[in-house]
Amino acid sequence: MQYHFNDIEAKWQKYWAENQTFKASNNSDKPKYYVLDMFPYPSGAGLHVGHPLGYIASDIYARYKRHKGFNVLHPQGYDSFGLPAEQYAIQTGQHPAITTETNIKTYRRQLDQIGFSFDWSREVRTSSPEYYKWTQWIFIQLFESYYCFNDNKAKHIKELIYVFKVNGNKDANVACDDNVEEFTAEEWNSFSEDKQQDILLQYRLTYLAETEVNWCPALGTVLANDEIVNGVSERGGHPVIRKKMTQWSMRISAYAERLLQGLDTIDWTDSLKESQRNWIGKSVGASVTFNVMPSVSSSAVETSHQIEVFTTRPDTIFGVSFMTLAPEHELVQKITTLEQKAEVDAYIEATAKRSERDRMADVKTISGAFTGAYAEHPFSKEPIPIWIGDYVLAGYGTGAVMSVPCGDQRDYDFAKHFNIPIPNIFEGVDISEEAYTSKDNVTITNSDFLNGMNYKKATKRAIFELEQLGQGQGKINYRLRDAVFSRQRYWGEPFPVYYVDGKPQMIDVQHLPITLPEVEKYLPTETGEPPLGRADIWAWDTKNNKVVSNDLVIPTEVGTTDEESHNGIYPLELNTMPGWAGSSWYFFRYMEEKANRGEAFASQDALNYWENVDLYIGGSEHATGHLLYSRFWVKFLKDREFVSVDEPFKKLINQGMILGTSAFVYREEGTNTYLSQGLIEGKNVLPIHVKVQYVNASDELDIEGLKNDDEFGEDFNNAEFILEDGVYKVGREVEKMSKSKYNVVNPDAICEQYGADSLRLYEMFLGPLEQAKPWNTAGITGVHGFLKKLWKLYVGDEGLKVNDTKPTKDNLKTLHKTIKKVEEDIENFSFNTSVSTFMIAVNELTAQKCTSKEVLEPLLVLLSPYAPHIAEELYSLLGNTESISTASFPKFDASHLVESSKNYPISFNGKMRFTLELPMDMSKEEIEKTVMAHEKTIAQLEGRTPKKVIVVPGKIVNIVG
RNA sequence: GCUCAAGUGGCGGAAUUGGUAGACGCGCUGGAUUCAAAAUCCAGUUCUUUCGGGAGUGUGGGUUCGAUUCCCACCUUGAGUACCA
């Protein structure tokens, strides 16, 4: 009986599906364990061998946990809104829903053939209305909430309204826009309803505001900060410009501190936490207010101005010799003197022309302009010249800095360049070459009341003195900006929002979902509106609570409001939500069984039972996007008591990328001759990518196959291949797996030729999960050979070889050291080493001619998380009628590993020279005596007397001298 | 520039608290089997060597009886981030 993996795998995949073997229950006596993969975007290209790596790892862990007696939730779904389906729709006119459906079918088929233990009964798709109904619902909850810093949590907006009614906003310690006006309770109560709504919008956790956004003209949409890489769009690499637009934003900045603190409570890698910390960018310092001195020739009407700056070094306040404003700073126009106006305007124009990218590429060039205005030093009252310079960013802090050239290298360079004085306030420090930027080992001098203090003391004192003057206070600044939540796209969640007199109104939650309307084209409108501007049926009827035709919206008559002239029918929001909306809460949706999903995004029972994700596996590219937004939404949902957990993902592992091994042929310049890899030295050759499937394990090219290739065969029709040793050897290089490099390996072909179990084992065998590693199909023969060997251990030509023979000591020793190692490996996510362990076990048991069921049956359970199909098949051949997934994990018994003797390594000065078999119970003294008497020891010493002999019983002997 | 991770045979990689460096697999070499090939099996495979050995985990130091492992400096590669005041 042969190992027919294709039949076996198809059989068990069918069995698992039919018996719902991996369906999780929301009721169980067992402890729960939730294993989750980052769900895929179903792209048209399908899976390549790099994609399943994380899924295989999580599947092994999920199956292991089942063997260990846990009630495991291991679901899968699709992040099915997104740009590629929309781009395809623009090109072909095909509805993105159809494209998405087709792609999902392909994904599902490819995933199924790898034998994952997913509970598909809980599948979610972010693009299905029953799902995004709840994304819309969460959006409404955010709109109905504000953030209270006193209680450090989000609360319902009605509580804030109450505060305003009673106290106004003077003492409200809550998150809000920067530019809110102060009002008293009386004022609030006298405001019109409209005005009150405008004010509340400045406090809501999702709010509509005119903000400067990253606009990508090529994509026709705005992008979030994390969707921009090196100044260009992450998708497509298109230029991005700054533009003012009215957009929905999420007040994630209110959660900055909690997002930072929460990192200490979760088991993520340090590098990932570090990314999030950087992104949040907390800095502790002070805000300082400088008064602008009156000027005789200011270009504006004379009023008093103040400049607020943020500094992390209030201790250096006496080192300030100038101030610098960002060119975009609002005060620039107001304070610039008539003499300097031309220069300043020219500078502003020049900087405005430079794109974000140019500015980033060119950080060396120092540029700026003097405004002619002076600020007054808060303590010395000396005048300080005010400059503008593009090294100060409008978007960080207040867009203005107090420049301390002796303590900051950028200020130093700027001062040197423009010949501004550089006063030294550090005792005994040489600043003739560069600034002294360290906070350590420094004593402040030339600084009035700060003289003689160190950084810590001086900082405290400076803040105290500033507070006395009313010109500053201690302040914490975060880099984290509110997240823009509107996208000018079609294929995303519609907002449950309509507009009355331009003011946003939420649709009542009972009328959700608001489903995507049909459009005849997926492009922006000619007038620049988002694609939903093309929809004909996209207005909200507030009387009948349904979406109706736009024709029913009556244009507002002059002199009336919308409300007066409309028939209760208003235009709906034209933007859609960004990709991260649906992925910020999907892990809760899986907790609820499909049949019970109607009432809430998940029932309280389901949420309380599953709590949060115990193990989350996915790519590191989501370090600052998805993972930060999910944490934010979870904290919000917790504040509003919709969920009971603070963090969505307790443990997180980033799987490394699988790289492709590209193959090259070398064409000699100007000829049609291709040289084998060994012949190219000194020749002028052009390397050309060829498809990796025409290359064998020894890097030999299948020339006939290449010439007959449907796509590229013709290119090589008349080519002459110069061989070496009778074969053509290709050159190889490790690169990112990509279609254009012809190094993509498809899992379908691997499953067909070697089987899913081989694929699973090989992906794990390649190397540590978290590390990037190259794929080389040739190596798969190793694990495939192992499975054949395993099969032969159980099944011979005459059928099953396993019987009830008593296991030998060696059999048990092999089994138990394998149990120990595999268990440790899985707990440490070191899956590559357990594959080796299995190979060793099978090699040893084969050599031992083991046929004992008592050993061979538990071995199958150990292997089953890794290679579930062959394990199921052999397990059933042994007479079991239930799935192996119900078997419990074998118990390790250390007594089988006890040895009576030890093969001691005998070292001389730390170098092992020979080994010596000695009894385990031999004493230290006896060991030393025996070793010293040994002829090889005497030979090594060559008559010398050793200075010292180290004996560690059970470990090693080291002879020194 | 800053932060983090990593450097071990021809290749992927192993070595769990410092204790026999190179497990396991690929590739390669030789052999068995075969008309032949595939498949399978056996032996060998870090380098060097006068066959006794000797050297060896990016480089240079250090701690230790003993260092791939710990410490310091440097080099290289990869990832992230960047005029963050």
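Below, chains carry the letters A, B, ... as their sequence lines are ordered, and counting in each starts from 1.
- Among the nucleotides B:G19, B:G80, B:C24, the one closest to the side chain of A:S275 is B:G80.
- With 3.5 Å as the limit, one finds a donor-acceptor pair spanning the side chains of A:D411 and A:Y391.
- For CE of A:M657, the number of neighbouring non-hydrogen atoms (other residues, nucleotides, ligands) closer than 6.0 Å is 12 at most.
- Side-chain contact check for A:K911 versus A:R913: some heavy-atom pair is nearer than 4.5 Å.
- Per the geometry, NZ belonging to A:K788 stands 13 Å off P belonging to B:A38, to the nearest Å.
- Following rounding to the nearest Å, A:I658 (CD1) and B:A79 (P) show an atom-to-atom distance of 17 Å.
- Taking the six-membered ring wherever Trp is involved, the centroid distance between the rings of A:Y412 and A:F414 does not fall below 6.0 Å.
- Taking 4.0 angstrom as the limit, A:R479 places a side-chain polar atom (N or O) nearer than this to OP1 or OP2 of B:A82.
- For A:E434 and A:K416, the salt-bridge test fails: no basic side-chain N is under 4.0 Å from an acidic carboxylate O.
- Looking at residues two or more places apart in sequence or on another chain, you find a side-chain hydrogen bond (donor to acceptor under 3.5 Å, both in side chains) between A:S662 and A:E735, A:N743.
- A:S283 and A:N477 share no side-chain donor-acceptor pair at under 3.5 Å.
- In this structure, the side chain to side chain contact (heavy atoms under 4.5 Å, CB included) partners of A:T833, at least two apart in sequence or on a different chain, are A:K821, A:D825, A:S830.
- For the P atoms, the distance from B:G66 to B:A15 is 25 Å, rounded to whole Å.
- Between the side chains of A:N828 and A:E824, no donor N or O sits under 3.5 Å from an acceptor N or O.
- The side chain of A:I950 sits closest to B:C65 out of B:G27, B:A23, B:C65.
- With a glycosidic angle more than 90° from 0, B:G27 adopts the anti conformation.
- When each of B:U20, B:U40, B:G25 is scored by its nearest atom to the side-chain atoms of A:M912, the top-ranked nucleotide is B:U20.
- Taking the centre of each ring, A:H784 and A:Y762 stay at or above the 6.0 Å mark.
- Out of B:C26, B:A85, B:U20, the shortest distance to the side chain of A:N903 is found at B:U20.
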Are there any protein N/O atoms within less than 3.5 Å of an N/O atom in nucleotides 3-10 of chain B, and if so, which ones and at what distance?
none

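- Distances from the side chain of A:V392 to the nucleotides B:U20, B:C26, B:A85 place B:A85 closest.
- By the salt bridge (charged side-chain N to carboxylate O under 4.0 Å, His left out) test, A:K282 is found to be paired with A:E257, residues two or more places apart in sequence or in another chain being considered.
- The pair A:K817-A:E844 meets the salt-bridge criterion, since a charged nitrogen lies less than 4.0 angstrom from a carboxylate oxygen.
- The nearest heavy atom of RNA chain B to A:G785 and to A:V957 marks one nucleotide each, and the one closer to the 5' end goes with A:V957.
- In this structure, A:T781 reaches the sugar-phosphate backbone alone: every heavy-atom distance under 4.0 Å involves primed, P, OP1 or OP2 atoms, never a base.
- Checked by atom type, the side-chain pair A:T814/A:Q848 shows a donor-acceptor distance below 3.5 Å.
- Closest to the A:D390 side chain, of the nucleotides B:C24, B:U40, B:C83, is B:C83.
- Distances shorter than 4.0 Å separate some side-chain N or O of A:S283 from OP1 or OP2 on B:A85.
- Using modelled atom types and a 3.5 Å distance limit, the side chains of A:Y347 and A:S367 yield a donor-acceptor pair.
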Nucleotides 42-51 of chain B: which of its N/O atoms have a protein N/O under 3.5 Å away?
none

Using a 4.0 Å cut-off on protein heavy atoms (strictly under), produce a 5'-to-3' string for nucleotides 12-18 of chain B with B for base contact, S for backbone-only sugar-phosphate contact, and - for none.
BSS-B--
Identify the pairs formed between an N or O of the protein and an N or O of nucleotides 28-30 of chain B at a distance under 3.5 Å, and give each distance.
{"residue": "B:C28", "atom": "OP1", "partner": "A:S698", "partner atom": "OG", "Å": "2.5"}

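- For A:Q306, the side chain to side chain contact (heavy atoms under 4.5 Å, CB included) partners two or more places apart in sequence, or in a different chain, are A:T289, A:N291.
- Glycosidic conformation, B:G9: syn, with the torsion inside 90° of 0.
- Counting only heavy atoms from C-beta on, A:I840 has its side chain closest to B:A23 among B:G25, B:A23, B:U40.
- Side chains of A:T624 and A:S275: no donor on one and acceptor on the other come within 3.5 Å.
- In this structure, B:G1 forms a base pair with B:U81, meeting either the Watson-Crick or the G-U wobble geometry with both donor-acceptor distances under 3.5 Å.
- Rounded to a whole Å, the CG atom of A:N776 is 9 Å from the P atom of B:G27.
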Provide a list of protein-nucleic acid N or O atom pairs under 3.5 angstrom, restricted to nucleotides 53-57 of chain B.
{"residue": "B:G54", "atom": "OP2", "partner": "A:R913", "partner atom": "NH1", "Å": "3.4"}

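- When both pairing distances are held under 3.5 Å, B:A55 makes a Watson-Crick or G-U pair with B:U46.
- At whole-Å resolution of the value, CD1 in A:I956 and C1' in B:U69 are 14 Å apart.
- Remark: the separation of the C1' atoms in B:U59 and B:U68 is 15 Å, to the nearest Å.
- Phosphate contact (OP1/OP2 of B:G25, side-chain N/O of A:N843, threshold under 4.0 Å): present.
- For A:I927 and B:G19, the CD1 to C1' distance is 14 Å, given to the nearest whole Å.
- Atom pair A:E308:CD and B:A85:C1' shows a separation of 14 Å (rounding to whole Å applied).
- Rounding to whole angstrom units, CD1 of residue A:I280 and P of B:U81 are separated by 14 Å.
- In this structure, B:C41 and B:G31 make a Watson-Crick or G-U wobble pair, each of the two defining distances being under 3.5 angstrom.
- The A:R410 side chain lies nearest to B:C83 when the options are B:C83, B:U20, B:A39.
- One C1' atom belongs to B:U48, the other to B:G56, and the distance between them is 10 Å to the nearest Å.
- Checking B:U69 for Watson-Crick or G-U wobble geometry (two distances, each under 3.5 Å) identifies no partner in any strand.
- Aromatic ring centroids of A:Y866 and A:F838 lie under 6.0 Å apart.
- Comparing B:C65, B:C24, B:A85 against the side chain of A:V401 picks out B:A85 as the nearest.
- A residue-by-residue look at A:I780 and A:D411 shows that A:I780 has its nearest nucleotide of RNA chain B further toward the 5' end.
- Checked against side chain to side chain contact (heavy atoms under 4.5 Å, CB included), A:D264 has the following partners two or more places apart in sequence or in another chain: A:Q261, A:R277.
- Under the ring pair (Phe, Tyr, Trp, His ring centres under 6.0 Å) criterion, A:F426 pairs with A:Y436, sequence neighbours left out.
- In this structure, A:F914 atom CZ and B:G19 atom C1' are separated by 16 Å, rounded to whole Å.
- Base pairing of B:G12 is made with B:C24, judged by Watson-Crick or G-U wobble geometry with both donor-acceptor distances under 3.5 Å.
- Judged as a side chain to side chain contact (heavy atoms under 4.5 Å, CB included), and not counting sequence neighbours, the contacts of A:S901 are A:E917.
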